[in-house]
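What follows is a single structure, written as structure tokens, with notes after it.
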Amino acid sequence: MGAPYRRRHARRRQAEAAMLAPVNWVEERSGLVGGIRYFLFRNVPSDISWAQTLGSAALTAFIVQAVTGVILAMYYKPDPDKAYESIQFITNELTWGWLVRGMHRWGASVFIILLFLHMGRVFLFGAYKYPRELNWLIGVGLLALGMLEGFTGYLLPWDQTSYWATVVGINIQASGPFVGPFLANVLRGGAEIGSETLARFYAIHMLLIPGGLIGLIGLHLYLVMRLGVTSPPWSRKAAGRKRDPEAETRRQGLVEPRSRRGWRSGR
Amino acid sequence: MSSLKERRAEFARYKQDVKERGKPFYPHAMFHDTIMALVVVAVIIGLTCIWYFTTSEEPGDAGLLGPRYAEKADPGTISFVPRPDWYFYFLFYLLRIFKWPESVILGTVGIPTILVLLLIALPFVDRRMERRLSRRPIAVIAAALVVASMAVLTWKGATAKENVASEALAEVPQWIEKNKLPAEAEPGAELFAGSGCLNCHVYLGGGAQALGAPDLTDAGAKNRGVEWQIEHLKCPACVNPGSPMPGFAALGDDQLRELAIFLEASKGPGGG
């Protein structure tokens, strides 16, 4: 009876150790596992709600954009003679191509909407206040980069709508003071919108801005972890108001049962 | 404004509260986040399906949510509507409010810059630690105003009337009569009406004023000459620094001259 059990037990311990070995190897050399554990098991305020999921929802939309964008890049041809045809091919002929392009197209709108909703939530919750000012600024940067992604991606299908919207968009850029005309020339890559422009927009759209976005998102999340999630402004705990200790005690006695700690300390 | 000392104490109390009475991110918050992520992906796929299955391969077939693509880009045409993606509509429509040339730069560069600066300044201007909405009337009113104006501008931009070439062509005889256009201006007038000019410009009350484009009813009132008009059509920003109007050199010299004659002959109602 005892021997087979012990054998099984020993085998299971061996299996566990074998499975954990790579984890421990990584942890010993990087501390990453501890970081992930901290991320998962850190405390957040107990009264956070659906409103606080908008940030991670925006992150989800960004991941959708990244994945579908990589797939689109495999079939899209950033050349004025081929771009439109490659978009038609992706949409009409490529297996599941319509889904990938459609998700990228609509994911962009959903991403922008979620950025605005998330920003609105942070504003209404006063979550930009001390000590989270820097994270608000990073968020403003993310919003600006997100809208630039929209602007540069709009040209890529190379149809009439995207072409002329970009012509006017760049002309508006050129009307800016000081660096306006210079920036417009850099974007255009010449006097006219053509193959140079398309190549530049493509590079900016899929390398430059996404790189910036990923960096800023990393910083943004790091600060969220370091500073913690804000509780709702109506939260009774940590709501960000000056407290009158006596009123606090009165209210506790009236509307919520005294905490056990309170009983023990004889309050 | 709360002193830094107060705000630090408040944050220390928050940290303490969360440590003592908070709940772990996993599984509590993670559960909400996961559901929300699934909803986001489902909405994106749903929009994609509605978009794809209500359109055909035909360029411009709008379906419920817009076409798969418009016609291929053609720098040689001028009958287009410069229309950005929807989240730029509020800026796009804003440009109808400002008039070329005095204040259009305010709409193109000024307002967006001001908006970004306001966002950057926000946490440094509002340094109270109060977060309850009932105690932040200015913030609430400001937020409501911003949301309302962006919604109205986006809606106006989305429903802005587009110019229909056939309707504009029917107006040409009236233009000739009201503006006392000479006979040689007629081909240019038809070109002007049938192309996209009225998608941004106004002529005798017709058309859409977009992107700060001026009213062209009296485009020739300054007597700048046909040659100037041609140069301007070829490269607006060269003659008029800062003009967002695209160049139309691709039209070819004959059509440009026709257009220029028409514009130069337009001296406003009653003729020149």
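This one's a predicted model, so the numbers in the text were calculated from it and none came from an experiment. Chain identifiers are assigned alphabetically (A, B, ...) following the order of the sequence lines, protein sequences preceding nucleic acid strands; residue numbering begins at 1 within each chain. Note that these values count all heavy atoms, side chains included, but never hydrogens, waters or copies made by symmetry.
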(request) Go through the atoms of A:P45 and report whether side chain, backbone, both or neither lie under 4.5 Å from a heavy atom of chain B. (result) both
(request) Mind checking the CD-OH spacing from A:Q88 to B:Y69? Nearest 0.5 Å is all I need. (result) 4.5 Å
(message) So for A:I172, is it side chain, backbone, both, or neither that comes closer than 4.5 Å to the heavy atoms of chain B?
(response) both
(request) Below 4.5 Å from any heavy atom of chain A, which atoms of B:R136 appear? Answer side chain, backbone, both or neither. (result) side chain
(message) Taking CD in A:E133 as the centre, count heavy atoms belonging to other residues, nucleotides or ligands within less than 6.0 Å. Is the count above 12?
(response) yes
(message) Quick check on A:M147 against chain B: is it the side chain, the backbone, both or neither that has a heavy atom closer than 4.5 Å?
(response) both
(request) Drop me the distance from A:Y163's OH to B:D74's CG, to the nearest 0.5 angstrom. (result) 8.5 Å
(message) Quick check: do A:I48 and B:H32 have side-chain heavy atoms less than 4.5 Å from each other?
(response) no
(request) Taking the side chain as every heavy atom from C-beta outward, state whether B:R131 and A:S231 have any atom pair closer than 4.5 Å. (result) yes
(request) Evaluate the side-chain proximity of B:P246 to A:V168: yes if any heavy-atom separation is below 4.5 Å, no if none is. (result) yes
(request) Report the option among B:D126, B:I120, B:V146, B:L91 that has the most heavy-atom pairs separated by less than 4.5 Å from atoms of chain A. (result) B:D126
(request) Look up atom NZ in B:K72 and atom CH2 in A:W158, then write down how far apart they are to the nearest 0.5 Å. (result) 9.5 Å
(request) Considering only heavy atoms and a distance below 4.5 Å, find which of B:L4, B:V39, B:L65 pairs most often with chain A. (result) B:L65
(message) For chain A, which candidate among B:F11, B:Y52, B:W86 shows the most heavy-atom pairs at distances under 4.5 Å?
(response) B:Y52
(message) Taking side chain as everything from C-beta outward and backbone as N, CA, C, O, which of these in B:P67 sits under 4.5 Å from a heavy atom of chain A? Side chain, backbone, both or neither.
(response) backbone
(message) With chain A as the partner, which of B:I45, B:L47, B:V41, B:L122 has the greatest number of non-hydrogen pairs under 4.5 Å?
(response) B:L122
(request) Using the side chain to side chain contact (heavy atoms under 4.5 Å, CB included) rule, take A:N43 and B:R21 through it: C-alpha gap first, then chi angles, then the decisive distance, then the call. (result) CA-CA 8 Å; A:N43 266 10; B:R21 290 192 288 263; over 6 Å; no
(request) Starting at OG1 of A:T60, measure out to CG of B:L38 and round the result to the nearest 0.5 Å. (result) 8.5 Å
(request) Compute the centroid of each ring, for A:W136 and then for B:F124, and state whether the two points are separated by less than 6.0 Å. (result) no
(message) How close do B:A143 and A:L124 get, counting heavy atoms only, and between which atoms?
(response) CB-CD2, 4.4 Å
(message) Please classify the contact between A:T166 and chain B as side chain, backbone, both or neither, with a heavy-atom cut-off of under 4.5 Å.
(response) neither
(request) Could you check if a side-chain atom of B:R68 sits within less than 4.5 angstrom of a side-chain atom of A:I87, using non-hydrogen atoms only? (result) no
(message) Which label fits B:W51 and A:W106: parallel for a plane angle under 30°, tilted from 30 to 60°, or perpendicular past 60°?
(response) perpendicular
(message) Please classify the contact of B:Y87 with chain A as side chain, backbone, both or neither, using a heavy-atom distance under 4.5 Å.
(response) both
(message) For chain A, which candidate among B:A249, B:A9, B:S56, B:G22 shows the most heavy-atom pairs at distances under 4.5 Å?
(response) B:G22
(request) Counting only heavy atoms closer than 4.5 Å, note whether B:H28 contacts chain A via side chain, backbone, both or neither. (result) neither
(message) Does atom CH2 (A:W96) have a neighbourhood of more than 12 heavy atoms from anything else shown, all under 6.0 Å?
(response) no
(request) Identify which part of A:I112 has an atom lying under 4.5 Å from any heavy atom of chain B, answering side chain, backbone, both or neither. (result) side chain
(request) Go through the atoms of A:S162 and report whether side chain, backbone, both or neither lie under 4.5 Å from a heavy atom of chain B. (result) neither
(request) Measure from the side-chain N and O atoms of A:Y84 to the backbone N and O of B:A70, and report whether any donor-acceptor pair falls under 3.5 Å. (result) yes
(request) Answer yes or no: is there a side-chain heavy-atom contact under 4.5 Å between B:T48 and A:W98? (result) yes
(request) Measure B:F53 against the heavy atoms of chain A and call it side chain, backbone, both or neither at under 4.5 Å. (result) side chain
(message) Take a 6.0 Å sphere around CG of B:L145 and say whether it holds more than 12 heavy atoms from other residues, nucleotides or ligands.
(response) yes
(request) Name the region of B:A237, side chain, backbone, both or neither, that has any atom closer than 4.5 Å to a heavy atom of chain A. (result) neither
(request) Working to the nearest 0.5 Å, report the span between CZ of B:R7 and OH of A:Y130. (result) 7.5 Å
(message) Rounded at 0.5 Å granularity, tell me how far CG in A:N92 sits from CD in B:E57.
(response) 4.0 Å
(message) Please classify the contact of A:I193 with chain B as side chain, backbone, both or neither, using a heavy-atom distance under 4.5 Å.
(response) neither
(message) If you define the side chain from C-beta out and look only at heavy atoms, does anything of A:P177 sit under 4.5 Å from B:V109?
(response) yes
(request) Answer yes or no: are there more than 12 heavy-atom neighbours, outside B:F31 itself, under 6.0 Å from its atom CZ? (result) no
(message) Taking side chain as everything from C-beta outward and backbone as N, CA, C, O, which of these in B:M150 sits under 4.5 Å from a heavy atom of chain A? Side chain, backbone, both or neither.
(response) side chain
(request) Can you tell which part of B:C49 gets under 4.5 Å to a heavy atom of chain A, answering side chain, backbone, both or neither? (result) both
(request) Against chain A, work out which of B:E71, B:M245, B:M36 has the most heavy-atom pairs shorter than 4.5 Å and name it. (result) B:E71
